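Read through the structure below, which is laid out as structure tokens, and then see the notes.
Computed over heavy atoms, backbone and side chain alike; hydrogens, waters and symmetry mates excluded. Starting from 1, each residue takes its place in the sequence as its number. If you're wondering where the values come from, they're calculated on a predicted model, not measured in any experiment.
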Amino acid sequence: MVTVDSWQIIYDQAGDLVDAILHEQPKSEFDAIDFEDAINSKAEEIIWRGINPEDDWSAIIRPVKEGVKLDDKIDEHFHVALRQGVFVRLLYDGDMQNIIKYYTDSSQPGELFKVGAKMVSAFSCAQQHATAWRLLNEVRNKSYELRQEKAQAARNEKKEEREVLLRGLVKGALSKRPANGWPGHVRTAQTIAKTLFPLVDEYNLLLPNDKDQLSEQIEKLICHEPNLRKAYNENAKEPLEEPVKTRKMKTITLAVNSQVE
């Protein structure tokens, strides 16, 4: 059963994404941006100006065609990503809290699922457009050779779509420290998989639809993704050793043994 805590993870990650793309603005624009105003402006678009964020979900992200100004496409992706991130938070703070407050216990689950489905779609859309915005920024700022490399990176990013959402959800889960800290990374992966699996099962997300496979994938991410390993270590009982530190330790041991001989 999907709990409100599951939606809280998506809510937190949407907030992190909004904060990240605002702070990643070019310095010339960074100083001019009032972050609160930028967020409020997107909320007003949705609430008062009749802009429907769900219209963004059907738009297909395509390669930039000749004759289309790159700056225009970059701005478009930025504003869609920001709008979708704000929409996630509006759904959680508004619709979902009203359901919890005013609906009966018997009618709450179904209504929460409806709002939760929108949150998942909005967050996924925000991530896709944030990725496109970052890639096009790199394309604009680099030479032709580097643009070719970024085009390949974009193709690789396409192959990793099924992991993009999972990385964000796992990072959000790891950032919440349990009372006694996260246990070993295997048990931690199993715990997070148990929390996230209802979302995968209910909404047919492009993630492993087997709880054990999902747990194994989360375990690998914790071990091999530096950002996720860091998030785990900050809230774990016993942090994982960094690979580099392990290799250094072996080198020191060999050197000591050599001197003894």
Side-chain angles (χ1 to χ4, degrees), residues 1-19 39 42-43 45-48 50-61 80-131 160-176 178 188-218 221:
M1 178 180 178
V2 181
T3 65
V4 175
D5 287 341
S6 300
W7 309 125
Q8 175 77 44
I9 293 173
I10 297 177
Y11 173 86
D12 291 340
Q13 286 299 295
D16 291 344
L17 185 146
V18 167
D19 186 71
I39 294 171
K42 286 293 176 257
E45 284 181 0
I46 298 168
I47 298 172
W48 303 112
I51 293 180
N52 185 0
E54 295 181 38
D55 292 342
D56 295 328
W57 302 347
S58 59
I60 300 174
I61 298 179
V80 172
L82 182 58
R83 177 163 56 243
Q84 292 300 317
V86 170
F87 187 40
V88 170
R89 297 178 71 83
L90 288 176
L91 287 168
Y92 184 89
D93 287 332
D95 296 10
M96 192 162 281
Q97 300 310 313
N98 285 335
I99 291 170
I100 294 171
K101 186 175 182 180
Y102 296 113
Y103 282 61
T104 63
D105 290 342
S106 60
S107 62
Q108 273 190 21
E111 295 301 319
L112 288 175
F113 272 129
K114 291 178 184 178
V115 177
K118 291 184 179 182
M119 289 177 62
V120 171
S121 297
F123 182 52
S124 179
C125 183
Q127 286 189 310
Q128 292 171 21
H129 282 276
T131 296
E160 293 180 335
E161 276 187 4
R162 65 175 56 247
E163 290 190 8
V164 171
L165 181 58
L166 182 59
R167 287 192 187 101
L169 295 176
V170 171
K171 184 176 180 181
L174 290 172
S175 66
K176 297 180 181 298
T188 297
Q190 293 170 345
T191 300
I192 295 175
K194 184 178 179 180
T195 301
L196 298 182
F197 187 72
L199 291 174
V200 179
D201 185 50
E202 184 68 25
Y203 299 111
N204 296 316
L205 299 179
L206 294 177
L207 296 173
N209 59 3
D210 176 87
K211 192 177 294 184
D212 291 335
Q213 291 180 7
L214 181 61
S215 176
E216 290 176 6
Q217 189 167 347
I218 292 172
L221 288 174

Under 3.5 Å, side chain of Asp19 to main-chain N/O of Gly15, donor-acceptor pair present?
-> no
Kindly give the heavy-atom pair with the smallest separation between Ile9 and Leu169, and that separation in Å.
-> CG2-O, 3.5 Å
Over all atoms of both residues, closest heavy-atom pair of Ala14 and Gly85 | CB-O, 3.8 Å
Residues Gln13 and Lys171: closest non-hydrogen pair is NE2-C, 4.1 Å
Indicate the atoms forming the closest heavy-atom contact of Val86 with Val18, along with that distance.
-> N-CG2, 4.0 Å
To the nearest 0.5 Å, how far apart are CZ in Arg83 and CD1 in Ile46?
-> 7.0 Å
Going from CD on Glu54 to NZ on Lys118, what distance comes out if it is rounded to the nearest 0.5 angstrom?
-> 4.5 Å
Calculate, to the nearest 0.5 Å, the distance between atoms CG and CD1 belonging to Asp95 and Ile100 respectively.
-> 11.0 Å
Check whether any side-chain heavy atom of Phe87 sits under 4.5 Å from a side-chain heavy atom of Met119, and report yes or no.
-> no
Short side-chain to backbone donor-acceptor contact, Glu45 and Gly50, under 3.5 Å | no
Where does the angle between the aromatic ring planes of Tyr92 and Tyr11 fall among parallel (under 30°), tilted (30 to 60°) and perpendicular (over 60°)?
-> tilted
How close do Ala130 and Ala81 get, heavy atom to heavy atom, and via which atoms?
-> N-CB, 3.7 Å
Reported CD-to-NZ distance for the pair Gln108 and Lys101, which is rounded to 0.5 angstrom = 13.0 Å
Using the side-chain contact (heavy atoms from CB on, under 4.5 Å) rule, pick out the option among Ile47, Leu90, Leu82 that qualifies with Lys42.
-> Leu82
Verify whether one side chain among Ser124 and Ser121 offers a donor that lies under 3.5 Å from an acceptor in the other.
-> no
CG-CD1 distance between Leu214 and Ile218, expressed to the nearest 0.5 angstrom | 4.0 Å
How many angstroms lie between atom CG of Asp210 and atom CD of Glu216, to the nearest 0.5 angstrom?
-> 8.0 Å
Side-chain contact, heavy-atom cut-off 4.5 Å: Thr188 with Leu174?
-> yes
Kindly say whether Gln127 contributes a backbone atom to a donor-acceptor pair with the side chain of Thr131 at under 3.5 angstrom?
-> yes
Between Val115 and Met96, what is the shortest heavy-atom contact and its length?
-> CG1-CE, 3.9 Å
Looking at Lys176 and Asp12, does any basic side-chain N land under 4.0 Å from a carboxylate oxygen?
-> yes
